[in-house]
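Start at 1 and go down the list; that is how both ligands and their atoms are numbered.
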Amino acid sequence: MIETLDLPSGFTLIERAFVDSTNDEARHLAEGGASEGTVVWALEQRAGRGRRGRSWVSPPGNLYCSFVLRPYVEPARAAQLSLVAAVALGEAFDRFLDPAAVGHKWPNDVLINGRKVAGILLESSGLSGACVEWVVLGCGVNVASYPEDTEFPATSLRAEGAKGATVERMLEAFLRCFAAWQMRWREEGLAPVRSAWLSRAVGLGAPITVRLPDAELHGRFSDLGADGALILDLDGGGRRAVSAGEVFATAGT
Ligand code: BTN
């Protein structure tokens with residue numbers, strides 16, 4: 001169907017012309033016993049999913065892929081894989097763009113010149129003992145096009161002038177960077193991932209609003225915790241670690 005790809009060892013690629021969602025496909029495969037490194041890649045999604053129940057508009061020309069991973073760790077540690085993927089994506093973009101243009105927005109969006117170019121959706125199984133049985137890590141990259149009507153401004157690699165960035169080259173670069181960062185994470189934990197993420201964090205030290213399901217918090221984005229939580233210095237005083245929420249620059253700043 002598609003040209004042969006140069007993939008790092010340890011990955012088995014399943015190519016599809018279209019699916020509803022590569023995360024759903026990967027999940028079914030994981031539940032059926034698919035091994036670590038199974039990757040579902042589709043040219044188009046009919047029901048792509050984003051975080052917080054949003055849809056992910058998925059026309060042909062962009063990258064849609066989901067990995068089956070079996071990290072044999074407890075859920076909180078498995079969740080760190082979304083930061084691993086974000087750092088790997090950022091590094092993959094360096095191959096096509098000026099690295100200074102690439103940034104990370106908490107929790108795991110990757111930005112180019114301040115606009116979102118990629119999103120990550122991590123889903124995991126129930127427990128087997130204390131550990132998750134599998135993790136599905138889905139990633140969408142706007143290679144050729146981006147939606148205009150998003151809450152946070154979006155962009156694409158093409159719109160940012162990325163050189164030689166096709167879906168195929170992007171998938172290869174991402175898998176290579178992910179394999180290397182995943183190995184580091186296994187051997188050294190989150191610390192090197194956290195440092196790499198922080199070195200390109202967008203809005204560090206700036207006033208932000210964090211939207212939680214039932215409240216909004218206002219303060220300054222002061223750090224990334226050792227476990228990947230966002231550390232917020234609250235406007236009214238005090239400090240809070242946030243492990244899930246949506247971040248916005250505070251209006252008027
Ligand atoms: C986000 O909201 O930022 C996460 C978006 C994740 C989109 C990707 S595209 C491939 C995979 N399949 C899906 O249905 N979603 C993820």
Checking the side chain of Ser125 only, and the main-chain atoms of Trp134 only, is there a donor and an acceptor separated by less than 3.5 Å? yes
Distance-only, no hydrogens or angles: does the Ser21 side chain make a donor-acceptor pair with backbone N or O of Gly48 under 3.5 Å? no
Could you name the protein residues that come within less than 4.0 Å of ligand 1, counting only heavy atoms, and order them by chain and residue number? Ser21, Thr22, Asn23, Gln45, Gly48, Arg49, Gly50, Arg51, Trp56, Tyr64, Cys65, Ser66, Asp109, Lys116, Gly119, Ile120, Leu121, Gly138, Cys139, Gly140
Residues 186-203, side-chain donor-acceptor partners within the protein, below 3.5 Å, at least two apart:
| residue | atom | partner | partner atom | Å |
| --- | --- | --- | --- | --- |
| Arg186 | NH2 | Glu36 | OE2 | 3.0 |
| Glu188 | OE2 | Arg184 | NE | 3.2 |
| Arg194 | NE | Leu224 | O | 2.6 |
| Arg194 | NE | Gly225 | O | 3.4 |
| Arg194 | NH2 | Asp223 | OD1 | 3.1 |
| Arg194 | NH2 | Asp223 | OD2 | 3.4 |
| Arg194 | NH2 | Leu224 | O | 3.0 |
| Ser195 | OG | Ala191 | O | 3.1 |
| Ser199 | OG | Ala196 | O | 2.7 |
| Arg200 | NH1 | Gly90 | O | 3.2 |
| Arg200 | NH1 | Asp94 | OD1 | 3.4 |
| Arg200 | NH2 | Asp94 | OD1 | 2.5 |
| Arg200 | NH2 | Asp94 | OD2 | 3.1 |
| Arg200 | NH2 | Pro99 | O | 3.2 |

Listed by chain and number, what are the salt bridge (charged side-chain N to carboxylate O under 4.0 Å, His left out) partners of Asp149, not counting sequence neighbours? none
Test side-chain contact (heavy atoms from CB on, under 4.5 Å) applied to Trp41 and Thr22, Val167, Val19, Leu175, the passing residue: Val167
Does anything in residues 201-213 form a salt bridge (charged side-chain N to carboxylate O under 4.0 Å, His left out)? List the pairs, not counting sequence neighbours. Glu151-Arg211, Arg211-Glu216
